[in-house]
Protein chains: 2
Amino acid sequence: MDISVDCVVFGFDEDELKVLLIEQKQPDGKSAIKLQKAVPGDLVDENESLDQAAQRILLELTSLKGIYLKQFHAFGDPDRVSGLKDRDWLRSFRTHPERRVITIGYYSLVKMDDFNPQAASFAAKAQWVDVYKIPSLAFDHNNIVDQALQVLRHELMADHIGFELLPEKFTLSQLQKLYEIILDKKLDKRNFRKNIMRTDTVTPLEEKQSGVYHKPAQLFKVKRPRKTT
Amino acid sequence: MDISVDCVVFGFDEDELKVLLIEQKQPDGKSAIKLQKAVPGDLVDENESLDQAAQRILLELTSLKGIYLKQFHAFGDPDRVSGLKDRDWLRSFRTHPERRVITIGYYSLVKMDDFNPQAASFAAKAQWVDVYKIPSLAFDHNNIVDQALQVLRHELMADHIGFELLPEKFTLSQLQKLYEIILDKKLDKRNFRKNIMRTDTVTPLEEKQSGVYHKPAQLFKVKRPRKTT
DNA sequence: ATCAGTTAGTGTAAAATTTACACTAACCTT
DNA sequence: AAGGTTAGTGTAAATTTTACACTAACTGAT
């Protein structure tokens with residue numbers, strides 16, 4: 001039985017919430033198998049923890065480094081990787097293509113600008129895809145992404161994660177838009193601000209926005225240092 | 001790499017919150033190795049889902065059947081089973097005792113009266129142990145239990161699980177005591193009742209307590225059918 | 001039969017939180 | 001100077017949360 005890690009990396013670009021998907025490489029020799037998209041994921045190595053595996057795998061497939069990934073669920077259906085659609089690809093890239101694979105799902109939230117995914121290893125491409133327009137994915141990855149999104153929304157409300165997605169200096173409107181996009185619903189401006197202020201996680205800077213077409217907004221920064229690990 | 005499931009089964013007996021622990025069987029031949037307690041857990045079979053594995057393993061080790069178990073976290077430290085204290089036992093009971101094992105933690109909440117654990121397989125004993133007096137356990141099981149308890153408390157508040165722990169007919173005082181014991185803090189009687197009523201999960205029966213030494217309480221039952229699966 | 005002991009059951013006022021809602025301020029462009 | 005655009009701010013009503021104390025109904029003992 002093999003163990004893998006799958007990384008659902010959500011990215012934000014002040015307009016859209018996207019997920020980082022790779023396109024599986026065409027197996028050598030095979031000519032016209034259907035290319036599939038998937039969430040970056042691979043087998044866990046012998047001497048690394050799950051958290052480390054998640055970091056490494058994301059790096060190997062997409063060149064993204066230093067992203068905080070959080071475990072959210074294990075997916076262990078006996079035949080989650082034995083669908084016909086995935087057979088050819090597994091045969092080309094896995095030492096034991098028939099083996100059952102249990103995967104641990106990780107998710108993360110980053111700002112897209114900071115990270116420029118570069119496909120490598122068995123990934124042919126790595127690209128950001130709109131969360132609300134995800135095509136049919138390899139394995140059970142549609143399910144994995146769905147569940148990650150649920151967890152993300154929940155965590156966003158409960159723990160006010162999400163500053164990761166913004167530039168170091170940001171306006172409250174940007175922050176609000178972020179919430180609206182992730183939660184997929186509109187929020188009230190005044191109430192939103194009250195909420196954020198109450199959490200005491202941001203501080204105003206001495207600085208304002210500039211170069212904008214309208215009243216410049218107060219810039220803020222995150223108060224507590226961003227999570228690492 | 002092996003995959004296991006560990007089941008943290010919490011039991012309630014109207015006074016205490018306990019966890020179901022097994023005592024590992026003495027390996028044949030070995031005479032005086034230190035017997036360790038652990039949470040019931042074992043390797044996942046080739047053709048079962050994780051959920052099924054949790055059910056089977058709990059049944060095999062403790063004879064408990066039909067308990068709703070919920071996955072809560074994967075534990076994958078590379079050497080979580082390679083401590084000296086666990087070596088002898090692994091050698092006796094595992095085909096590949098040196099192998100790394102990643103485990104998926106499950107938890108559950110049951111009423112003790114309904115379930116009479118009977119040790120079997122490699123479990124020498126199966127017994128309920130007070131949650132607040134847990135000894136040092138095998139592997140990383142202390143950590144696993146701690147985390148399960150956190151999740152349990154969280155779920156209790158959020159989703160008002162916990163009726164499982166009571167007889168079919170129960171009084172609100174019993175229910176309150178249950179909450180108090182799990183959360184390990186006192187609650188206000190009137191506010192508690194308001195809360196429970198607001199959730200609309202219980203209905204009063206036409207029946208009252210009898211044979212008690214004091215004013216008999218109204219009996220209630222759970223409104224929505226208990227979760228299965 | 002009465003009394004003492006025990007747990008059941010109930011309401012309300014104050015505080016805190018959440019919700020809904022509309023106008024002025026400051027910058028840019030023309 | 002005027003028009004367009006987003007920033008920023010307060011309050012009243014509704015809801016939720018919290019703190020708190022007395023009466024009711026049974027049993028067992030006298």
Side-chain angles (χ1 to χ4, degrees), chain A residues 12-16 153-154 156-160 163 166-181 183-222, chain B residues 12-16 153-154 156-160 163 165-181 183-223:
Chain A
F12 176 76
D13 77 344
E14 76 194 73
D15 249 330
E16 287 175 308
R153 285 180 177 154
H154 192 268
L156 182 67
M157 295 312 282
D159 299 350
H160 290 282
F163 303 108
L166 294 173
E168 202 173 335
K169 303 169 180 183
F170 54 87
T171 70
L172 294 183
S173 296
Q174 283 176 294
L175 186 60
Q176 181 176 347
K177 197 155 194 180
L178 188 162
Y179 274 72
E180 290 180 342
I181 287 166
L183 299 175
D184 202 23
K185 70 176 175 196
K186 267 210 104 23
L187 302 173
D188 178 87
K189 201 202 308 193
R190 281 183 281 201
N191 294 338
F192 177 78
R193 284 165 187 240
K194 255 183 284 179
N195 263 293
I196 292 297
M197 289 315 180
R198 211 171 30 74
T199 65
D200 194 41
T201 45
V202 300
T203 2
L205 298 168
E206 306 271 291
E207 200 176 340
K208 297 206 165 193
Q209 236 180 357
S210 69
V212 283
Y213 189 41
H214 50 74
K215 175 171 176 181
Q218 179 66 242
L219 288 169
F220 288 78
K221 65 169 185 176
V222 181
Chain B
F12 176 76
D13 77 344
E14 76 194 74
D15 249 331
E16 285 175 308
R153 285 179 178 155
H154 192 269
L156 182 67
M157 294 313 282
D159 300 350
H160 289 282
F163 302 109
L165 297 198
L166 294 173
E168 200 171 337
K169 302 169 181 182
F170 55 86
T171 70
L172 294 185
S173 296
Q174 284 175 293
L175 186 60
Q176 181 176 345
K177 196 154 194 181
L178 187 162
Y179 274 71
E180 290 181 341
I181 287 167
L183 300 176
D184 200 24
K185 69 176 175 195
K186 267 211 102 28
L187 301 174
D188 178 87
K189 199 200 312 190
R190 281 182 282 200
N191 294 337
F192 177 78
R193 282 163 189 243
K194 255 184 282 179
N195 262 296
I196 292 298
M197 290 316 181
R198 211 171 28 76
T199 65
D200 195 41
T201 46
V202 300
T203 2
L205 298 168
E206 306 271 291
E207 200 176 340
K208 296 206 166 194
Q209 237 180 353
S210 68
V212 283
Y213 187 41
H214 51 73
K215 175 171 175 179
Q218 179 66 243
L219 289 169
F220 288 79
K221 64 170 185 177
V222 181
K223 212 165 196 176

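Within every chain, numbering begins at 1; the chains are lettered A, B, ... in the order of the sequence lines, protein sequences first and strands thereafter.
Residue B:His154 places its NE2 atom among 12 or fewer non-hydrogen atoms of other residues, nucleotides or ligands, all under 6.0 Å distant.
Both A:Val212 and A:Asp188 lie near DNA chain C, and the one whose nearest nucleotide falls closer to the 5' end is A:Asp188. Closest-nucleotide positions on DNA chain C for A:Gly211 and A:Arg190 were compared, and the one nearer the 5' end corresponds to A:Arg190.
The structure places NZ of B:Lys177 at 12.0 Å from CG of B:Leu166, a figure rounded to the nearest 0.5 Å. Atom NZ of B:Lys208 sits about 6.0 Å away from atom CD of B:Gln218, to the nearest 0.5 Å.
Among the nucleotides C:dT7, C:dA26, C:dT19, the one closest to any side-chain atom of A:Lys194 is C:dT19.
Rounded to whole angstrom, the span from the CG atom of B:Leu172 across to the C1' atom of C:dT7 amounts to 13 Å. The CZ atom of B:Arg193 sits 20 Å away from the C1' atom of D:dT16 (whole-angstrom rounding). Rounded to whole Å, atom P of C:dT10 lies 16 Å from atom CG of B:Asn195.
Close to D:dA7, at under 4.0 Å from its OP1 or OP2, lies a side-chain N or O of A:Ser173. A sub-4.0 Å separation between OP1 or OP2 of C:dT18 and a side-chain N or O of A:Arg198 is present.
Within the 4.0 angstrom heavy-atom criterion, no nucleotide atom of any strand lies near B:Gln209.
With hydrogens and angles ignored, a donor-acceptor pair closer than 3.5 Å exists between the side chain of A:Lys189 and the base of D:dG8.
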